[in-house]
There are 2 protein chains.
Amino acid sequence: MKAKIADIAKIAGLSVASVSRILNGRGRYSEETAKRVRQIADDIGYYKNRSASDLARQSNNTFGVVYTNSETHFSEPLIKGIMGQAATDKLDVIIMIGKRDDEQGLTKIVQDMIERRVFGLLFLSIQPSQSIIDILNHANIRALVVGSATEHDVSYISSDDFQIGYQATQFLIDKGYQRIGLAGMDVQRDYVGLQRYQGYRQALKEANMKAAEGLVHSGNFSYHSGITAATYYTNEQSVDAVIGASDEVSLGLLNGFHDLGVQVPKQVGLISIDGTELCEQSRPKMTSVTQNFQLMGTRAVREFMALEDSHNKIETVTIPFEIETRNTTKQD
Amino acid sequence: MKAKIADIAKIAGLSVASVSRILNGRGRYSEETAKRVRQIADDIGYYKNRSASDLARQSNNTFGVVYTNSETHFSEPLIKGIMGQAATDKLDVIIMIGKRDDEQGLTKIVQDMIERRVFGLLFLSIQPSQSIIDILNHANIRALVVGSATEHDVSYISSDDFQIGYQATQFLIDKGYQRIGLAGMDVQRDYVGLQRYQGYRQALKEANMKAAEGLVHSGNFSYHSGITAATYYTNEQSVDAVIGASDEVSLGLLNGFHDLGVQVPKQVGLISIDGTELCEQSRPKMTSVTQNFQLMGTRAVREFMALEDSHNKIETVTIPFEIETRNTTKQD
DNA sequence: CTGAAAGCGCTTACAG
DNA sequence: CTGAAAGCGCTTACAG
């Protein structure tokens, strides 16, 4: 039988109410008896029953994060930022993991989170469908997509993907590259892909370069997408340089080119998007558009907190990125 | 105001008890009214309040997993195995993330899990201290370390680390390597490190080779450990081949050697321990002792289930591994 | 500073 | 097949 407040109360010769107040540091009580109560609680191994507490309080201070740890690598800094800020804000976070493109599984997770009455839900590396967003709205639970933009009706915290596409391309053009490929994402159906693609086109246009359709190779942000893109660019469509949609894609490109005897950066330049540790752990190290994922995580929970009182909608937040030159692009 | 059972009951003209039974599929009721009730629940957007439910049932079916996503890479398949099995067993899992070697943070997480009254706790990539284990025992919550062995008083599911050390060494000896290094873990203070080291010594001994102390280079399973080990083996202690304590260590070794102009496998052989996707994503691809992490995850939750009734202690389980030859060792 | 009491939303014997 | 009632362990006005 687990210890409960009543047990403490009996031993201390106090009422349940008083013990509750003391344990929660709420209301008035003498520090003297408080000490005794805490001692007793410790002695009998008391742990608050969260279900009872949450039920009585009719609220709780935990928020949920759902993410998928597949394909992409940037969840780590995101989580780090989130956990850090949650800790300083005395928030609890429970995490659940979903599979990408598993609508049913994701729905189950979301329902679970609703049953737990989390006060907010963060989506990492996942784009919730509109139907899931509707469920959340209906249940009156704030949702926030962090790490990537989305076309659906939720707020998000991410980099400016148009600018990422634009500046990555610009960077390559400035280096003197002519035929610039874009690989590893679906530039038609994926919202992020589309934004970046438009930035890419804009940069090319401003440089009076044509954006040959063949230069874009589709994919799903995975290592494997990079591998197949490398084959494509080697056998079917030559390029001077390519922009990889994620670090995984870029590593795939790097390895794929390597396996085909194409030298990077001597024969083809490469710039990656994300800038996680993978860029430092490849040889050659990869030049990248580095996103500030940790800051996104931090901001995400701050936004939630700011909303505690005001019932405004969460604003969409854009986090700055930077380009880090490493060894997969021409030195100048 | 969130919908509750009473609301449904009123609309349906039933008692709260009946609605509860229907929604949980417990007890007898007519399928006819059941249909009506479910419809109403759906219409008004009802979601069970888990706190109330768990409190009333005095139990719940969620277990917790705590892990750290740092340094090491094998949490992915582990989680995959866990989630898969949890889904088929209709179990809920909540995840919390801790930092390695953050005793205080870990304690907080464990307390949180106790407050939530999880019926079991899995530790991934983390070795809980004895004091944390004591807390858990005291709170009467089953704990299980998965992915690595531990000297503390908890059950665990892992590979046989002595055998890993032994067979990796044996493999290298069979290939004709003479001076065999062991890098990336603390073979004195880390339990896993110690086991593997003993296997390593045993294999050398059986081959009548001496285990020069200088061949072992300490570390913490990280990429960085690999980098420094490569420098060490290049400048201070020559080796024919080295065993990397994890894929991260091995990648560090590979890159470190590369940066120093040492060729793998031409000048030095390398075998990694873990066998995650990293081994396929490096160039050359890394030969590895491949552990079956996904199976460990699956088994972990199965063990929990098996214990539902019987109150036996969880047995320690050993999962088989295999050696996969790739390109960082001599071809024969 | 402390206690009695109501209530949070659900579940579960028990009785019918 | 259905309902009235007690109870899960805590919190929180309210009264003193």
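Throughout, a chain's letter reflects where its sequence line sits, starting with A, and its residues are numbered from 1. This is a predicted model, so every value here is computed, not measured.
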| Looking across every strand, which nucleic acid part, if any, lies under 4.0 Å from A/Ser51 by heavy atom: base, sugar-phosphate, or nothing? |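 Result for A/Ser51 = nothing.
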| query | Across the strands shown, which category fits A/Ser20 at heavy-atom distances under 4.0 angstrom: base, sugar-phosphate, nothing? | reply |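 Counting heavy atoms under 4.0 Å across all strands, the contact made by A/Ser20 includes a base.
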| Taking only side-chain nitrogens and oxygens of A/Lys2, does any of them come within less than 4.0 Å of OP1 or OP2 of D/dC8? |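 Answer no for this pair, as no side-chain N or O of A/Lys2 is under 4.0 Å from OP1 or OP2.
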| If you pin B/Arg57 and B/Arg28 to their nearest nucleotides in DNA chain D, which one's is more 5'? | B/Arg28
| remark: By nearest-heavy-atom nucleotide on DNA chain D, the more 5' of B/Ala17 and B/Ser30 is B/Ser30
Would you mind reading off the distance between [X] atom [atom1] and [N] atom [atom2], rounded to a whole angstrom?
{"X": "A/Glu31", "N": "C/dC1", "atom1": "CD", "atom2": "P", "value": "10 Å"}
{"X": "A/Lys4", "N": "D/dT11", "atom1": "NZ", "atom2": "C1'", "value": "16 Å"}
{"X": "A/Arg50", "N": "D/dC8", "atom1": "CZ", "atom2": "P", "value": "22 Å"}
{"X": "B/Tyr46", "N": "C/dG9", "atom1": "OH", "atom2": "P", "value": "10 Å"}
{"X": "B/Arg26", "N": "C/dT11", "atom1": "CZ", "atom2": "P", "value": "7 Å"}
{"X": "A/Glu115", "N": "C/dC10", "atom1": "CD", "atom2": "C1'", "value": "12 Å"}
{"X": "B/Ile22", "N": "C/dC10", "atom1": "CD1", "atom2": "P", "value": "15 Å"}
{"X": "A/Ile5", "N": "D/dT11", "atom1": "CD1", "atom2": "C1'", "value": "8 Å"}

| field | Contacting residues from residues 6-16 of chain A, given that a heavy atom lies under 4.0 angstrom of DNA chain C | value |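 Result for residues 6-16 of chain A: A/Gly13, A/Leu14, A/Ser15, sorted by number.
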| said: Ignoring hydrogens and geometry beyond distance, is the side chain of B/Arg21 in donor-acceptor contact with the base of D/dG3 at under 3.5 Å? | reply: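 In this structure, the two groups form a donor-acceptor pair.
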| remark: Here the pair of heavy atoms bringing A/Leu122 nearest to A/Phe304 is CD1-CE1, 2.7 Å
| message | What's the gap between D/dG16 and D/dT12 when it is taken at their C1' atoms, as a whole Å value? | response | 16 Å
| Okay, side chain of B/Thr150, backbone of B/Gln127: is any donor-acceptor separation there less than 3.5 Å? |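 No, B/Thr150 side chain to B/Gln127 backbone: no donor-acceptor pair under 3.5 Å.
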| task | Under the side-chain contact (heavy atoms from CB on, under 4.5 Å) rule, what do B/Gln85 and B/Leu91 come out as? Steps first, then yes or no, please. | result | CA-CA 8 Å; B/Gln85 187 61 221; B/Leu91 258 31; over 6 Å; no
From the options [options], select the nucleotide whose nearest atom is closest to the side chain of [X].
{"X": "B/Gln58", "options": "D/dG9, D/dT11, C/dG9", "value": "D/dG9"}
{"X": "B/Thr33", "options": "C/dG9, D/dT2, C/dT11", "value": "D/dT2"}
{"X": "A/Asn24", "options": "D/dT2, D/dT11, C/dT11", "value": "D/dT11"}

Any heavy-atom pair between the side chains of [Y] and [X] that's under 4.5 Å?
{"X": "A/Leu144", "Y": "A/Val154", "result": "no"}
{"X": "B/Ile82", "Y": "B/Phe63", "result": "yes"}
{"X": "B/Val110", "Y": "B/Phe123", "result": "yes"}
{"X": "A/Lys48", "Y": "A/Leu23", "result": "no"}
{"X": "B/Arg26", "Y": "B/Ser20", "result": "no"}

| Modelled atom types, side-chain donor and acceptor of B/Glu76 and B/Thr276, under 3.5 Å | no
| field | Watson-Crick and G-U pairing of DNA chain D, under 3.5 Å, as dot-bracket with | and [ ] | value | |||.||||||||.|||
| query | When rounded to the nearest 0.5 angstrom, what distance separates CG in A/Asp161 from OH in A/Tyr191? | reply |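 Reported to 0.5 Å precision, the distance equals 8.5 Å.
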